[in-house]
**Q** 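Take a look at the following structure, please.
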Amino acid sequence: MKFIMLTLLLLSNLTATYFLFSVSTYGISMVDIISIVIVLYALYATVWKGEPIALPPFPIISWFLGMTLAVVLSSAIPILSSNGEMQVQWIKTTLHYIYVLVIGFAIVASNFSVNDIYKAYRVHIFLSLLVSAFGIYQLFARAFNLPFAWITMSTNTNLARGMDFKEWGQLSLSYGAFFRATSIFSEPSSFAGYTSQILSLLFVSLSYKFRAFIGSKILWWSIVVVNIVGLLLAFSLTGLLLSVVLLLTYLLYHRKFSLRGIVIFGLVLPFLLVVADNIILFYTETSVLELFVQRVGGIYSIFFGGTTQTTGGESFFGRLETMIRGFWIWVEYPITGFGLGCVYLFDRVNQITYIDSTFFTVLAEMGVIGMFFFIGLYAVMFRYLFFTMRSQFQSVALSPESQSLLSIIPYLFIAQVAILFTTSFFVTFWIYQTFGLIVSVIIAVYSETGIPLQKVYIMAEPLQIRFYRNIKRLSNSQTNSEIL
């Protein structure tokens with residue numbers, strides 16, 4: 001039951017932009033449904049059955065409470081502005097923040113075991129074979145007008161930001177006959193981020209004698225190859241940045257790793273990229289590797305005053321502009337920010353509906369108070385994952401499943417930090433689900449190894465005991481009245 005819930009949660013995140021129906025301007029997707037199921041299960045476990053909630057071995061809850069305080073304080077400008085639309089927007093965004101935060105805590109309160117989490121990630125990694133293969137198929141489908149070349153999405157959510165459409169297709173720029181791959185995602189950067197994270201989960205195998213998550217070498221290499229090709233076809237700077245960051249994390253974090261595995265992969269990667277690029281060149285007359293060189297080189301040249309042009313449709317400078325705009329909003333409202341969710345109301349003339357960075361979004365909307373708690377939250381987590389955790393479990397005998405899970409959570413964390421620099425995700429499921437999963441892994445390993453953790457009870461007495469006792473009392477009173 002718990003394994004199925006967690007598996008469905010990971011899978012539903014892949015289709016978060018596919019809305020089943022809408023409530024006003026909020027689109028309901030499968031991730032909402034599964035998340036609510038987990039919240040209900042957490043209530044069942046902690047309230048009905050009276051199970052305790054294990055607290056993480058670092059003060060993450062205090063920082064979340066501080067960040068929530070910053071959210072509340074960000075209401076200052078909306079309240080003082082007397083702008084009804086702004087106040088309503090702050091209320092809606094704050095309620096959504098509480099909603100996704102509760103889901104993160106519900107994941108922890110569900111007390112997933114090591115086995116539950118391990119099996120869920122196995123399925124997640126296995127599924128990437130199909131997801132990335134579909135992204136590769138789209139290269140040919142879009143070039144030759146085959147079925148499922150494009151996927152249509154629909155929602156009413158965008159109406160709230162002044163966008164007058166209810167349906168849109170996947171976003172993908174073309175260069176000749178080459179269209180950037182999206183797979184089942186809404187745009188290429190999401191697909192690239194997904195493939196990068198899958199690859200990082202697989203690479204932990206290079207540090208152990210056992211093969212984490214995927215036992216078969218043939219299957220392991222198949223998943224690696226398909227995801228690398230998918231990452232290439234996405235043609236995403238976000239994916240490139242994330243891959244470099246995760247690779248550096250691997251080299252710096254692991255004290256021991258398989259030199260033979262690194263050498264083999266180092267030889268296979270260039271060969272694979274060249275072969276894949278030549279196949280793409282044959283069918284589309286476009287070299288993705290040359291596009292990458294032109295794109296990165298052009299950005300560097302323009303950034304430092306050169307004349308070399310980057311690729312068409314480059315989003316880097318547009319994203320940078322929104323970040324700079326977020327900084328100047330913070331300069332005007334430095335303490336509490338402009339108000340959570342209210343940035344799009346600040347500058348409608350220039351139509352900046354959001355800021356392309358979570359860090360600058362927090363700075364602009366929640367001010368220095370919000371930024372302090374947001375950075376503090378990540379600093380506490382970083383210190384534990386990269387320093388404290390290593391020493392705590394160094395002399396503890398761990399199962400292969402526990403070792404695998406402890407090895408991947410630093411990558412899940414670093415991937416989130418890297419992505420938050422280039423996307424605005426503060427009030428989304430992904431941040432709080434990831435935190436919930438990381439904390440759940442730590443608590444589950446503590447439980448498996450017998451290391452004690454502080455626990456709290458929501459109910460002094462399980463509700464089911466109270467319920468059945470009252471039923472018994474009612475039954476006895478009815479029996480006594482019948483006797484009288």
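What you see is a predicted model; the values in this text were computed from it and never measured.
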**Q** Under 3.5 Å, is there a donor-acceptor pair between the Ser236 and Arg295 side chains?
**A** no

**Q** Would you say Glu187's side chain and Ser190's backbone share a donor-acceptor pair under 3.5 angstrom?
**A** yes

**Q** Is a side-chain donor-acceptor pair under 3.5 Å present for Ser402 with Glu448?
**A** yes

**Q** What is the minimum heavy-atom distance between Asn111 and Ala54, and which atoms define it?
**A** OD1-N, 4.4 Å

**Q** CG of Leu199 to CG of Asn227: how many Å apart, nearest 0.5 Å?
**A** 5.0 Å

**Q** Counting distance only, does the side-chain N/O of Arg142 pair as donor-acceptor with the main-chain N or O of Phe179 below 3.5 Å?
**A** no

**Q** May I ask you to test the Lys2-Leu6 pair for a side-chain heavy-atom distance under 4.5 Å?
**A** no

**Q** What heavy-atom pair brings Ile184 and Ile151 nearest, and what distance separates the two atoms?
**A** CA-CD1, 4.2 Å

**Q** Which residue is it: Phe372, Phe374, Phe58, Phe435? I am looking for the one with a ring pair (Phe, Tyr, Trp, His ring centres under 6.0 Å) to Trp63.
**A** Phe372

**Q** Quick check for you: to the nearest 0.5 Å, what is the distance between Leu242 atom CG and Leu237 atom CG?
**A** 12.5 Å

**Q** I need the minimum non-hydrogen distance between Thr361 and Ile355, along with the two atoms involved.
**A** OG1-O, 3.4 Å

**Q** Could you walk me through whether Phe373 and Phe64 pass the ring-ring contact (aromatic ring centres under 6.0 Å, His included) test, one step at a time?
**A** CA-CA 8 Å; Phe373 286 109; Phe64 269 119; over 10 Å; no

**Q** Looking at Gln464, I want to see if its CD is surrounded by more than 12 non-hydrogen atoms of other residues, nucleotides or ligands under 6.0 Å.
**A** yes

**Q** Taking the six-membered ring for Trp, are Phe191 and Phe134 ring centroids under 6.0 Å apart?
**A** no

**Q** Tell me, with the steps shown, if Ile136 and Leu233 meet side chain to side chain contact (heavy atoms under 4.5 Å, CB included).
**A** CA-CA 7 Å; Ile136 296 171; Leu233 295 182; 3.9 Å; yes

**Q** Determine, using ring centers only, whether Tyr283 and Phe178 are less than 6.0 Å apart.
**A** no

**Q** Under a 3.5 Å threshold, yes or no: a donor from one side chain and an acceptor from the other, between Asp32 and Tyr99?
**A** yes

**Q** Taking the side chain as every heavy atom from C-beta outward, state whether Ser357 and Thr423 have any atom pair closer than 4.5 Å.
**A** no

**Q** Rounded to the nearest 0.5 Å, what separates atom CZ in Phe144 from atom OG1 in Thr284?
**A** 9.0 Å

**Q** Is it true that, when you exclude Ile218 itself, more than 12 heavy atoms of the residues, nucleotides or ligands shown sit nearer than 6.0 Å to its CD1?
**A** no

**Q** Under a 3.5 Å cutoff, is there a donor and acceptor pairing between the side chains of Ser183 and Gln138?
**A** no

**Q** Which atom names give the shortest non-hydrogen contact between Leu385 and Pro410, and what distance separates them?
**A** CD1-CA, 4.3 Å

**Q** Leu55 pairs by side-chain contact (heavy atoms from CB on, under 4.5 Å) with which of Val439, Ile61, Ile443, Leu453?
**A** Ile61

**Q** For the ring pair Tyr175 and Phe235, is the centre-to-centre distance below 6.0 Å?
**A** yes

**Q** Do the side chains of Gln403 and Phe393 get nearer than 4.5 Å, heavy atoms only?
**A** no

**Q** In Å, rounded to the nearest 0.5 Å, how long is the span from CD1 of Ile431 to CG of Leu101?
**A** 11.0 Å

**Q** Under 6.0 Å from the CZ atom of Phe271, do we count more than 12 heavy atoms belonging to anything else shown?
**A** no

**Q** Which heavy atom of Val245 sits nearest a heavy atom of Ala418, and at what distance?
**A** CG1-CB, 4.3 Å

**Q** Under 3.5 Å, is there a donor-acceptor pair linking the side chains of Tyr97 and Thr68?
**A** yes

**Q** Please evaluate residues Leu201 and Leu412 with respect to the criterion side chain to side chain contact (heavy atoms under 4.5 Å, CB included), reporting the C-alpha separation (whole Å), side-chain torsions for both, the decisive distance (0.1 Å), and the verdict.
**A** CA-CA 8 Å; Leu201 301 185; Leu412 297 176; 4.1 Å; yes

**Q** Would you say the rings of Phe126 and Phe213 are close, in the sense that their centroids are separated by under 6.0 Å?
**A** no

**Q** Between Thr46 and Met459, does a side chain to side chain contact (heavy atoms under 4.5 Å, CB included) hold up when you go through it step by step?
**A** CA-CA 7 Å; Thr46 57; Met459 302 292 291; over 6 Å; no

**Q** For Ser404 and Glu401, which I'm curious about, is there any donor-acceptor pair between the side chains at under 3.5 Å?
**A** no

**Q** For the pair Trp220 (side chain) and Leu202 (backbone), establish whether a donor and an acceptor sit closer than 3.5 Å, ignoring hydrogens and angles.
**A** yes

**Q** Should Phe112 and Leu437 count as side-chain neighbours, where that means a heavy-atom distance under 4.5 Å?
**A** no

**Q** Just by modelled atom types, is the Thr422 backbone N or O under 3.5 Å from a matching donor or acceptor in the Arg319 side chain?
**A** yes

**Q** Please tell me if the side chains of Phe3 and Val123 come closer than 4.5 Å, counting only heavy atoms from C-beta onward.
**A** yes

**Q** Pairing donors with acceptors under 3.5 angstrom, does anything connect the side chains of Thr195 and Ser132?
**A** no

**Q** Are the side chain of Tyr446 and the backbone N or O of Pro56 linked by a donor-acceptor pair below 3.5 Å?
**A** no

**Q** Is Val456 close to Pro52 at the side-chain level, that is, under 4.5 Å between some pair of heavy atoms?
**A** no

**Q** Output yes when a side-chain donor or acceptor of Asp277 lies under 3.5 Å from a complementary backbone atom of Val288, and no otherwise.
**A** yes

**Q** So, taking the atom named CG in Leu232 and the one named CG in Leu289, what distance separates them when rounded to the nearest 0.5 Å?
**A** 5.5 Å

**Q** Could you tell me whether the side chains of Ser243 and Ser196 share a donor-acceptor contact shorter than 3.5 Å?
**A** yes

**Q** Within this structure, what is the OG1-CD distance for the pair Thr358 and Glu365, rounded to the nearest 0.5 Å?
**A** 10.0 Å

**Q** For Thr249 and Ile414, work out which heavy atoms get closest and say how close.
**A** OG1-CG2, 3.4 Å

**Q** Is there a donor-acceptor pair under 3.5 Å between the side chain of Ser113 and the backbone N or O of Asp116?
**A** yes

**Q** Check whether any side-chain heavy atom of Leu9 lies under 4.5 Å from a side-chain heavy atom of Phe429, and answer yes or no.
**A** no

**Q** Establish, from distance only, whether the side-chain atoms of Glu51 and Tyr457 form a donor-acceptor pair under 3.5 Å.
**A** no

**Q** Considering only heavy atoms from C-beta outward, does the side chain of Phe425 approach that of Thr428 to under 4.5 Å?
**A** yes

**Q** Taking it one step at a time, do Leu231 and Leu240 satisfy side chain to side chain contact (heavy atoms under 4.5 Å, CB included)?
**A** CA-CA 8 Å; Leu231 179 60; Leu240 180 62; over 6 Å; no

